[in-house]
Amino acid sequence: MPPGQRITVVAVIDVPAEDVASLQRYEDLVLPLLARHGGELERRLRSADGTTEVHVLAFASDAAYRGYLADPERTAHRVLVDGVPVQTRVLEGMVDVR
C-alpha cells in the first residue's frame, strides 16, 4: 500500500457473555480516540447477545492507524479487559469491491 493512502481495517471481536459489559465499556472509551488519529468508525455491528462486535474503521494512512494502536490513552484503558478472554481478528488493508 503506498504511503499516505487511506486504509480500511475490520475488527471482529468475540467475548464471553459474562464479559460483555467490560468489552462495551472499553470500546466506548477507545473508539472516540479514533478522530485524534485521522480515523473514523464507519460501522459498528453487534450480535443480539453482545458477544460479538464487528468494527469497520477507516484511517487517513497506515501511520494514522499505527498511531491509534499506540495511543497511550487507548493502551491505558486495556485494564478494563485485562483477564477477559477477548478474541480479536483484525483484517488490515481491506478494499471496497463495489
Between Leu45 and Val56, is there shared hydrophobic-cluster membership here, with clusters defined by ILVMFWY side-chain heavy atoms closer than 4.5 Å?
yes

Side chain to side chain contact (heavy atoms under 4.5 Å, CB included) filter on Ser47, not counting sequence neighbours, yields Asp49, Thr51, Thr52

Applied to residues 16-25, the side-chain hydrogen bond (donor to acceptor under 3.5 Å, both in side chains) test, sequence neighbours excluded, yields Ser22-Arg25

Sort and list the pairs that fulfil side-chain hydrogen bond (donor to acceptor under 3.5 Å, both in side chains) and have at least one residue in residues 73-90, not counting sequence neighbours.
Arg36-Glu73

Residues in ring pair (Phe, Tyr, Trp, His ring centres under 6.0 Å) contact with Tyr68, at least two apart in sequence or another chain
Phe59

What's the shortest heavy-atom distance between His37 and Ala64, and which atoms?
O-CB, 2.9 Å

With sequence neighbours excluded, residues passing salt bridge (charged side-chain N to carboxylate O under 4.0 Å, His left out) with Asp28
Arg44

Run the salt bridge (charged side-chain N to carboxylate O under 4.0 Å, His left out) test against Glu27 and tell me which residues pass, sequence neighbours left out.
none

Tell me, do [X] and [Y] make a side-chain contact under 4.5 Å, heavy atoms counted?
{"X": "Thr8", "Y": "Val95", "value": "no"}
{"X": "Leu23", "Y": "Val84", "value": "no"}
{"X": "Ile13", "Y": "His55", "value": "yes"}

CG on Leu33 to CG on Leu69, rounded to 0.5 Å:
11.5 Å

If you round to the nearest 0.5 Å, how far is CD1 of Ile7 from CE of Met94?
11.5 Å

